[in-house]
Each structure stands twice: as structure tokens, then as C-alpha cells.
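See below for the structure under consideration.
Just so we're clear, the structure is a prediction, and the values are computed from it rather than from any experiment. Below, read A as the first sequence line, B as the second, and so on, with proteins coming before strands; counting in each chain starts at 1.
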Protein chains: 2
Amino acid sequence: MVEYNPYLDGLFKSLADPIRRDILQRLVQAQHTISQLAAHYEMSFAAVAKHLNVLEKAKLIVKRRKGKEQIVSIAPEALRDASEYLAQFEALWNYRLDVLDQILQEDD
Amino acid sequence: MVEYNPYLDGLFKSLADPIRRDILQRLVQAQHTISQLAAHYEMSFAAVAKHLNVLEKAKLIVKRRKGKEQIVSIAPEALRDASEYLAQFEALWNYRLDVLDQILQEDD
DNA sequence: ATTATATTCAACCATATGGTTTAATGTAAA
DNA sequence: TTTACATTAAACCATATGGTTGAATATAAT
């Protein structure tokens, strides 16, 4: 009955880290190279690169090479997937409230 | 510049686990006692209780005692918070596209 | 061809996470 | 007041995570 969806695992796991959310905030406004992103944080370059790998596996960002640099940009489809997953709860929840309403009306 | 929001950490971390997502799916349809929930999974009772603690800390569920049982229900506000956080990206993204449009039009 | 820059990879470490089992606690029922 | 049931807490274990440093690789610039 449990629908194992590793894609959602990676998506939400990515979003659970404040550094990764901050990276997404920057990327939604403009693309950056890996170095440019790394310069904003106090941790090592390698640590930021690891965060980017996590985001990339979750399909939240894409990288493309330009010369010796790598340009990182956001991939909003995954954000939408996460958003739609949550919206589905709201739909179920509203359905439940409707059913409750009907039951109450039947008491009249 | 990084907005450390531990509330979002807990929210998305909770959603990153398939068991916890499944629990939320069940709860959005009806409330359950802890035992009822635990009966659906192959892991130990204690493990399920731990998952519920994670969800409770994230404010995704609430428990209330009824006799010797504890009744678990969903707390949809937190789901909405997560949903709104993601929607904010979509807004920023659309803004960025608009700006891009304007720049292109200025070339005419 | 050498050197500098940007990135990736590997080894390592401390802590967090998700599971276990067993003991302790709170509440209801006999 | 025992006894049974539901839950919580504690101790423990294996693996994952997020960080480090240093070496290796890829591309550009001299």
C-alpha cells in the first residue's frame, strides 16, 4: 500500500536543507557558476559542490559546461512536482470535509 | 543571507520519507490511533511511533488522548505552509520570465 | 608546453537517522 | 488491586549525511 516514490524522497530531502533552499532562491533569480555559488557560503567549495549534486539528482537544477566553468540553473518542473504532490493532499482533505458536510446534512 | 528556517527543515525532512508520506495519506482520509497506524507497516510499533514523533514536531499531525489510546489526526496548516513556500518559487520564476520578456521587447 | 583556474573524486570524520529490543509508564478492565 | 493494553523511553546498532582536506582531471590562458 505504501507507494515508494524515490523521486519524491530526493525532492523533499533536497528541500529539507537550508543551504540547498538558499541555493534554489539564488538560482530562481539568475543562473550562477558553481564557483559563484560557492563564494556565498562559508563552507568549502567541495561541500557546496556536494549540495549541488544532491539538487541535481533531485532534478531541481541542471548544469551545463561553458568552457572550464559549469553553469547551474534551476529546473522548475521538479518544484512543480513537489507542489502538486502537496496540492493533492489539499484535494483529499477538502473531499473529506465535503463528506463530513454531507453526513451532517443527512441528520436534518 | 541564508534564511535559516528550522520549521521548513522539519517539514520537508518529514515529507522526505515514504513511510511518513504514507501515514499522511492515511490520515488525510481519516484519523487513526497509533496502534491502528502501526498495524499497517512491517516495522516495529516503536519505529512507527518514532515516525509519528517526527511528523508531530513538524506540526504535520496532532495527537490527542482518548482513554488509553492516542488519536492521531493531520494538521493541514503545515502542508499548506510547505505548499506556499514552493509556490513562492513559482512566483519568483514567473517574475524572472517577465523581466526577460521586457528585455527582449526593448530590442524592438 | 607550462601554468592557472574550475571542477570532480576519494578518503576520512562526527553526528543524525531509522531501525531494533527491552523496560517503564499510564490508563482501563476484571 | 491485579492484570491487560497502549504508549513512551532508553540503549543499542548500521547506514546515511554533511562536512573536511588533498589529489586528480579538464579546460583556458601564457
inquiry  = How many whole angstroms separate atom CG of B:L52 from atom P of D:dA9?
reply    = 13 Å
query = Could you state the NZ-C1' distance from B:K13 to C:dG18, rounded to the nearest angstrom?
reply = 11 Å
message = Whether the A:Y85 and A:N5 side chains hold a donor-acceptor pair (N or O, under 3.5 Å, no angle test) is what I'd like checked.
response = no
query = Atom CD of B:E69 and atom P of D:dT8: how far apart are they, to the nearest Å?
reply = 12 Å
query = Could you state the CG-P distance from B:N53 to D:dT7, rounded to the nearest angstrom?
reply = 12 Å
task = Figure out the NE2/C1' separation between B:H32 and D:dT7, and round it to whole Å.
result = 18 Å
remark   = Here the distance between atom C1' of C:dT27 and atom CZ of B:R64, to the nearest Å, is 17 Å
request  = Could you check how far CD of B:Q36 sits from P of D:dT7, rounded to whole Å?
outcome  = 9 Å
request  = Could you check whether the rings of B:H40 and B:H32 sit parallel, tilted or perpendicular, using 30° and 60° as the cut-offs?
outcome  = perpendicular
inquiry  = Distance alone, cut at 3.5 Å: any donor-acceptor contact between the side chains of A:Q36 and A:Q31?
reply    = no
ask   = If the sugar-phosphate is the primed atoms plus P, OP1 and OP2 and the base is the rest, what is the B/S/- string for nucleotides 19-30 of chain D, using protein heavy atoms under 4.0 Å?
value = BBB-----BS--
request  = Could you tell me whether the phosphate oxygens of C:dT27, OP1 or OP2, come under 4.0 Å of any side-chain nitrogen or oxygen in B:Q70?
outcome  = no
note = Taken to the nearest whole Å, NZ/A:K57 to C1'/C:dT8 is 13 Å
task = Check whether more than 12 heavy atoms from other residues, nucleotides or ligands sit under 6.0 Å from atom CZ of B:R96, and answer yes or no.
result = yes
Compile the donor-acceptor pairs under 3.5 Å between side chains in residues 43-57 of chain B and protein atoms, sequence neighbours left out, one pair per line.
| residue | atom | partner | partner atom | Å |
| --- | --- | --- | --- | --- |
| B:S44 | OG | B:A47 | N | 3.1 |
| B:H51 | ND1 | B:R20 | NH1 | 3.2 |
| B:N53 | OD1 | B:K63 | NZ | 3.0 |
| B:E56 | OE1 | B:K63 | NZ | 3.3 |

message = Regarding B:Y7 and B:D81, do their side chains bring together a donor and an acceptor under 3.5 Å, going by distance alone?
response = yes
